[in-house]
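Worksheet for the structure shown next.
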Amino acid sequence: MEDYVVVGRVGPAHGLKGEVFVEPRTDEPGRRFAVGQTLRTGTGSLTVASSRTHSGRLVVRFEEIDGRNAAEAARGTQLTCLIDPDEAPEDPDEFYDHQLIGLRVETADGGLVGELERIQHGAAQDLLVIRASDREILFPFVSAFVPDVDVRGGRIVIDDRAGLLSTEY
């Protein structure tokens, strides 16, 4: 089974030669955006030709993007890379999507909410997409509302103090 993780999203074009700003979604941008690294997109793949920082932002040139028009057309493209299924992030508070999919989601008092279907990556924050018995629930994946992620125990604990679940579960 192949596992892909989201490592970034293409932002606006930078200059005229096809460089783009990339919003990293990884704590290892030097590794994930190294020259020669091939990243998967929804329509194919992109190969890193060069990467650097400019004013604190990551700038990448991909072999397949030639010129400003192509760079602008790529804006918003999600970038993923293949990882070993047993690999885990170095930070114990970080997780790859595939490690969480299928985990039981419950409230702090043990009430079953449902099962994690996927993680929806957004510009401002990520959302847990939870499949409850009768509906799909979108829940913010931020530490204030998700106090415990127990991969080995097969569960994610959420704190609904803000009423984000809004209806009985």
Side-chain angles (χ1 to χ4, degrees), residues 1-12 20-34 37-43 45-46 48 51 53 56-60 74-169:
M1 179 176 144
E2 294 185 330
D3 287 314
Y4 285 85
V5 295
V6 175
V7 296
R9 181 175 309 280
V10 175
V20 294
F21 285 106
V22 171
E23 301 162 17
R25 308 275 310 171
T26 175
D27 58 354
E28 304 175 302
R31 176 179 173 200
R32 302 302 184 192
F33 296 97
Q37 179 75 22
T38 299
L39 303 172
R40 187 172 132 179
T41 71
T43 59
S45 63
L46 295 172
V48 177
S51 66
T53 57
R57 296 174 66 193
L58 179 63
V59 176
V60 179
R75 187 175 189 164
T77 299
Q78 182 171 281
L79 305 166
T80 62
C81 75
L82 182 64
I83 63 156
D84 182 307
D86 297 325
E87 182 179 339
E90 289 180 20
D91 184 341
D93 292 329
E94 296 286 325
F95 307 94
Y96 292 138
D97 291 9
H98 71 273
Q99 294 175 299
L100 305 180
I101 305 304
L103 294 185
R104 182 178 69 254
V105 179
E106 57 188 51
T107 59
D109 63 3
L112 179 64
V113 177
E115 181 177 296
L116 185 66
E117 188 171 277
R118 70 182 186 282
I119 298 171
Q120 185 173 311
H121 297 280
Q125 70 184 25
D126 296 334
L127 295 172
L128 299 175
V129 180
I130 304 164
R131 172 55 50 204
S133 60
D134 62 340
R135 63 194 166 110
E136 183 177 86
I137 300 167
L138 300 177
F139 196 86
F141 194 14
V142 295
S143 59
F145 299 127
V146 184
D148 188 25
V149 176
D150 181 4
V151 175
R152 290 184 190 256
R155 71 189 188 121
I156 298 171
V157 177
I158 62 174
D159 185 352
D160 189 36
R161 66 184 160 189
L164 294 168
L165 295 176
S166 71
T167 61
E168 290 297 315
Y169 43 86

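All figures in this text were calculated on a predicted structure; none of them were measured in a lab.
With a 4.5 Å cut-off on side-chain heavy atoms, Val6 and Gln78 count as touching. Side-chain contact between Val146 and Val157 is absent, with no heavy-atom pair separated by less than 4.5 Å. Considering only heavy atoms from C-beta on, Val59 stays 4.5 Å or farther from Val22 through its side chain. Residues Arg155 and Asp150 meet the side-chain proximity criterion, which asks for heavy atoms closer than 4.5 Å. In this structure, the side chains of Arg40 and Cys81 stay at 4.5 Å or more apart for every pair of heavy atoms.
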Step-by-step side-chain contact (heavy atoms from CB on, under 4.5 Å) determination, Val149 to Phe141
CA-CA 10 Å; Val149 176; Phe141 194 14; 4.1 Å; yes
Take Thr80 and Val5 through the test side-chain contact (heavy atoms from CB on, under 4.5 Å) and record every step on the way to the result.
CA-CA 5 Å; Thr80 62; Val5 295; over 6 Å; no
Determine, stepwise, if the pair Phe33 / Leu39 fulfils side-chain contact (heavy atoms from CB on, under 4.5 Å).
CA-CA 9 Å; Phe33 296 97; Leu39 303 172; 3.5 Å; yes
side-chain contact (heavy atoms from CB on, under 4.5 Å) evaluation trace for Val113 with Ile137
CA-CA 9 Å; Val113 177; Ile137 300 167; 3.8 Å; yes
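Within the model, atoms CG of Leu128 and CD1 of Ile158 stand 7.5 Å from one another, a figure rounded to the nearest 0.5 Å. Atom CZ of Arg104 is separated from atom CG of Leu112 by 7.5 Å, given to the nearest 0.5 angstrom. Here the CD1 atom belonging to Ile119 is positioned 7.0 Å from the CG atom belonging to Asp126, to the nearest 0.5 angstrom. Glu115 contributes atom CD, which lies 11.0 Å from atom CD1 of Ile130 (distance to the nearest 0.5 angstrom). Here CD of Gln37 is found 11.5 Å from CG of Leu46. Values are rounded to the nearest 0.5 Å. Here the CG-OG1 distance, from Leu82 to Thr38, works out to 10.5 Å after rounding to the nearest 0.5 Å.
Closest non-hydrogen pair, Val48 versus Ala34, comes out as CB-O, 3.4 Å. Minimum interatomic distance between Gln125 and Pro140 (heavy atoms only, all atoms of both residues): NE2-CB, 3.2 Å. Of all heavy-atom pairs spanning Ser51 and Val60, the tightest one is CB-CG2, 4.0 Å. Pairing each heavy atom of Leu103 with each of Gly154, the nearest pair is CD2-CA, 3.4 Å. Contact record, Gly11 with Arg75: O-CG, 3.5 Å, taken as the closest heavy-atom pair. For the residue pair Ile101 and Arg118, the shortest heavy atom distance occurs at CD1-CA, 3.3 Å.
Salt bridge Glu136/Arg131: present, at least one basic N to carboxylate O contact under 4.0 Å. For Arg25 and Glu23, the salt-bridge test fails: no basic side-chain N is under 4.0 Å from an acidic carboxylate O.
Under the side-chain contact (heavy atoms from CB on, under 4.5 Å) rule, Phe139 has a single partner from Leu127, Leu116, Asp160, Ile156, which is Asp160.
Using a distance-only test at 3.5 Å, with no hydrogens or angles considered, a donor-acceptor pair links the side chain of Thr107 to the main chain of Gly111.
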